[in-house]
Every structure is written in structure tokens, then in C-alpha cells.
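Structure first, then comments.
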Amino acid sequence: MGLEGVEPSSFMADFLAGCGGYAVVDGGLATELERHGQDLNDPLWSAKCLISFPQLVRRVHLDYLEAGANVIISASYQATIQGFEAKGLSVEEAETLIKRSVEIACEAREIYLQRCAKGYWDFFDSPKIDRHPVLVAASVGSYGAYLADGSEYSGNYGASMTLETLKEFHRRRLQILASSGADLIAFETIPNKLEAQAYVELLKEENIDIPAWFSFSSTDGTNVVSGDPIIECANIADSCSQVVAVGINCTPPRLIHGLILSIRKVTNKPVIIYPNSGETYNGETKQWEKTRGETEEDFVSYVGKWRDAGACLFGGCCRTTPNTIRAISRVLFDKSS
């Protein structure tokens, strides 16, 4: 969206300037797909809908754009060649679906921008609804997300896991996503230092020519879920010139403020945060469980504090909705709020 060919060092600064200083990221994709009746109790999770209901994926992307999102994230988090092969698809079919995840997001953006140009939203009270940049981020989930056994929430891949094994697992998917038409790569819910290092090395080895963000997850506000210190993980991200933002996702909102402060100790790159609703995922039952009863209003009330702590990009992860994103947009851009 007018940022093609921009050096990674200025990519995010230019984008944020075009958004008004801050940007809004979308919210939970699987949450909305389930709300529309999809059963995602499947190793492919939301990527299942790339096969069965791609038009619904596009609709959810569009819902988030209508809510004020400047960044929409593709349905490729759990879309892996290995995962699709386990469903009986060929390698070629799997690669097509991975690329299609980004194409669907790009189609939603095009529909949205066409409607904006035609004044389609004249009757809607939506902040920053027209003339704002929109980026499509290609999601890369962790190795644990492919395993679909909850290990993405622990970062425990076993003592035998190696850097090279992780690199080879991610390599082909990264190649596909980097040439899919996405504006950047979103490495999400990174659970340990080893996988972050694998991503850094892959970006260099494959000469990936679009920027990326690294987003980690935490359950204690100090370390990522594996126990590796967030400061050490952010340092790895900071070392890579292709990484244009560093942050946290799928983490309880109450932990975010301290994590922002820790990240900012080791990097000057923009900080991106998109927490979950505050519920905790049980990897054994594959259900979200209420913990401290945080509400959507509680979530949104944190946004100003996160902004003051130094975050620049704000969105939601699991169990957040277009209403969450609409409220975040109002906090950031509505002068009356």
C-alpha cells in the first residue's frame, strides 16, 4: 500500500506516520470463525477454513477492517505443508492453500478500500475509516502450533529439538508466504529463544525481501512461556534488520505493561501488542478457561497505559472480536474518548 521498496528501517515508521502515529491490528480470527458456526477442533485450527469456507475467512477480515484495523493477519498461523499433508492433500495443494491465505486477506483489503472510495460507509460512525493505510501480514505460527498439542503454550519441544530442525520445518512455508503478496511476515506466539533464532537465520538465508515482526507470548510477565527471559528474546529480534517491530501476543492483558517496558530496554523498534482476552488455554481439553474474569471493557481500559509505556501497534488475539478492535481504535483516535 504505497510502501513497496521501502527499506525495513523506515517501513514501519512510514506506516505508523500514515496511520496517525499508532496502528490498530485485527483481533481473533478463529474466535470469529467459531462465532459464525465453524468447528475448529482440528489440528489445522483456523486454517481448516481455507479448505472448507474461504469466503467466511474473507468476511472476517472485512469485519476487522470495518472495525478500524490497519493490519489484518492471514489465516496461515496453523497452515503448514506437513499439516495439510496429514489431511491427505498433496504438497502442491498445501502450498496453494498457504498462498491463498494471503490472497484472501488481500481481497478483503481491496473490497474494503473500494467501498471506502465509493463512500460505502457514509452512514457508519467509524473512526479513521477512510484514507488510512492497510497492511496484510502473513502469519507464521510456531512449530508447537503445528503439533496442536499445546506445546506452543509451553515452548517445550523436547531436549532433542535443534535449530536446524526448526529451520527446515519453517523454510518452505516462509518462502511461499514471502512471495504471496503480503506486506510483511508476522512471526506469532513465539514460545522460546531457539525458534526466534531459527526465524532470524531463515530471514537471512532465504534473502526474504519483505519486513517481519516478532511477537512472543508470556504467562508470567517476565519470561516467554518456555522460561526464556523476554529481554533475551527481544534482543534476538532486535539483531535482525528485517524485523521492524517486536512485541507480545496471546498473553493476558494484565501482563502487557511490564512486558512493553522490558522490551523497550533492549530495542528502539516499534512495539506491537495484541493480547488475548485474559482467558487461559488448556492444551489438554483444548478449551479456553476463565481466570480472572477480565472483560472487554477491562481490556480496552489498558490501551492508554500501553500507549504511554511505548507501544505503537495495538490489537487483540484469541477471544477478542471486532468490537474489541473498534473500541481500541476509538481510544487511539477519537478525541472525545
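In this chain, residues are counted from 1 in sequence order. All heavy atoms count here, side chains included; hydrogens, waters and symmetry mates do not.
- Side chains of Asn223 and Asp220: a donor on one and an acceptor on the other come within 3.5 Å.
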task: List the steps, then state whether salt bridge (Lys or Arg N to Asp or Glu O under 4.0 Å) holds for Arg326 with Glu66.
output: CA-CA 8 Å; Arg326 188 173 290 107; Glu66 293 169 14; 5.7 Å; no
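- The aromatic ring centres of Tyr146 and Phe169 sit less than 6.0 Å apart.
- Between Glu168 atom CD and Thr162 atom OG1 the span is 9.5 Å, to the nearest 0.5 Å.
- Using modelled atom types, one finds no donor on one side chain facing an acceptor on the other under 3.5 Å when comparing Tyr112 with Glu107.
- Crowding of Asp308 atom CG: a count of heavy atoms from other residues, nucleotides or ligands under 6.0 Å exceeding 12.
- Under the side-chain hydrogen bond (donor to acceptor under 3.5 Å, both in side chains) criterion, Glu110 pairs with Gln114, sequence neighbours left out.
- Distance check: Cys318 SG to Asn276 CG gives 6.5 Å after rounding to the nearest 0.5 Å.
- Counting only N and O atoms by type, the side chains of Asp238 and Thr267 include a donor and acceptor under 3.5 Å apart.
- The number of heavy atoms from other shown groups lying within 6.0 Å of OH (Tyr157) is above 12.
- For the side-chain contact (heavy atoms from CB on, under 4.5 Å) criterion with Val225, the lone passing option out of Ser217, Ser142, Ser151 is Ser217.
- The CD1 atom of Ile98 sits 11.0 Å away from the CG atom of Leu174 when rounded to the nearest 0.5 Å.
- Taken from OG in Ser52 to CG in Leu33, the straight-line distance is 9.0 Å, to the nearest 0.5 Å.
- Not less than 6.0 angstrom separates the ring centroid of His257 from the ring centroid of Tyr302.
- Remark: the Gln55 side chain and the Arg58 side chain contain no N/O donor-acceptor pair separated by less than 3.5 Å.
- Both Leu163 and Leu147 are part of a single hydrophobic cluster, where members link through side-chain heavy atoms under 4.5 Å apart.
- For His61, there are no ring pair (Phe, Tyr, Trp, His ring centres under 6.0 Å) partners two or more places apart in sequence or in a different chain.
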task: Could you walk me through whether Tyr153 and Thr219 pass the side chain to side chain donor-acceptor pair (under 3.5 Å) test, one step at a time?
output: CA-CA 9 Å; Tyr153 299 103; Thr219 56; over 6 Å; no
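- Looking only at side-chain heavy atoms (C-beta outward), Ile273 and Asn249 stay at 4.5 Å or farther from each other.
- Considering all non-hydrogen atoms of both residues, Ser215 and Ile248 come closest at OG-C, 3.1 Å.
- Less than 6.0 angstrom separates the ring centroid of Phe299 from the ring centroid of Trp306.
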